[in-house]
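No hydrogens, no waters, no symmetry mates; every other heavy atom, side chains included, goes into these values.
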Amino acid sequence: KVRFDIKLKLNANIQMIKKQETVNKLKKEIGQAIRAEVYRTYHFTRKQKIDIFNLSETLYRDDNKTWKKVQKNGVIPLEEDTIKSLSVNVQLKNSGKMELSPIFRDGQ
């Protein structure tokens, strides 16, 4: 079985905030939403037999020997737990015209 550890690092810009939140809380909520969407997308497309994240190609390029062992008709089998872990690191850059620090409460 082949399993993938996926690490996403992204920059986010916030255009409007309806209520004041700490930077850490926003980063956590954004990360959770992205993580959920990645899993939802993976499971939906896996059922359609679509490798939306090109995991087969990644294995082909990074570990061709393993790819040759597990591939069937040029692709690896995608299973429920093919994505072993997924971490999302969110960096907030700004909130439109304002810098982040003046619009958030203490507790960044």
Side-chain angles (χ1 to χ4, degrees):
K1 282 184 157 183
V2 177
R3 301 292 168 257
F4 291 84
D5 295 310
I6 299 174
K7 296 178 183 178
L8 299 176
K9 184 175 181 180
L10 54 105
N11 296 322
N13 292 317
I14 298 175
Q15 297 302 318
M16 185 185 326
I17 299 175
K18 293 183 179 182
K19 62 180 183 175
Q20 287 192 345
E21 295 290 348
T22 64
V23 172
N24 286 338
K25 184 172 181 184
L26 283 171
K27 288 164 60 170
K28 182 179 177 183
E29 288 176 1
I30 293 167
Q32 288 173 341
I34 291 171
R35 190 172 193 278
E37 189 60 34
V38 167
Y39 277 120
R40 189 172 24 255
T41 301
Y42 171 74
H43 292 298
F44 177 78
T45 57
R46 181 183 71 84
K47 291 175 186 173
Q48 314 280 325
K49 302 205 182 300
I50 298 169
D51 184 3
I52 191 78
F53 299 122
N54 292 322
L55 299 175
S56 186
E57 181 180 344
T58 299
L59 184 63
Y60 175 83
R61 293 182 185 281
D62 292 348
D63 189 352
N64 191 264
K65 190 174 185 179
T66 300
W67 179 85
K68 286 180 182 178
K69 289 179 186 176
V70 298
Q71 65 86 24
K72 294 177 184 164
N73 298 320
V75 295
I76 62 171
L78 299 176
E79 299 177 19
E80 188 76 22
D81 61 345
T82 296
I83 297 177
K84 179 180 162 188
S85 69
L86 173 61
S87 66
V88 180
N89 180 351
V90 178
Q91 295 298 317
L92 295 177
K93 293 299 180 182
N94 65 42
S95 59
K97 295 180 182 177
M98 300 176 71
E99 294 297 318
L100 279 178
S101 53
I103 63 171
F104 294 106
R105 293 187 305 236
D106 292 324
Q108 294 186 17

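Going from atom CZ of F4 over to atom CG of L78 covers 8.5 Å, rounded to the nearest 0.5 Å. Going from atom CD1 of I76 over to atom NZ of K1 covers 12.5 Å, rounded to the nearest 0.5 Å. Taking NE2 of H43 as the start and CD1 of I52 as the end, the distance is 14.0 Å to the nearest 0.5 Å. Put simply, CD1 on I6 and CG on L55 are 5.5 Å apart, with the number rounded to the nearest 0.5 Å. Considering CG of L86 and NZ of K7, their distance stands at 11.5 Å, rounded to 0.5 Å. Taking CG of L59 as the start and NZ of K69 as the end, the distance is 11.0 Å to the nearest 0.5 Å.
The backbone N or O of N54 sits less than 3.5 Å from a side-chain atom of D51, completing a donor-acceptor pair. Listed for the D63 side chain is a donor-acceptor partner under 3.5 Å among the backbone atoms of T66.
A continuous path of hydrophobic side-chain contacts links F53 to I34 [ILVMFWY only; heavy atoms under 4.5 Å].
Listed here is the closest heavy atom pair of S56 and G74: OG-O, 3.7 Å. In plain terms, the two heavy atoms of A12 and I30 that are nearest each other are CB-CD1, 4.4 Å.
Taking the six-membered ring for Trp and thresholds of 30 and 60 degrees, Y60 and W67 have ring planes more than 60 degrees apart, a perpendicular arrangement.
For the residue pair Q71 and N73, no side-chain donor N or O sits within less than 3.5 Å of a side-chain acceptor on the partner.
Screening R3, K47, R46 for a salt bridge (Lys or Arg N to Asp or Glu O under 4.0 Å) involving E79 leaves a single residue, R3.
Within a 6.0 Å sphere centred on CZ of F44, other residues, nucleotides and ligands contribute 12 heavy atoms or fewer.
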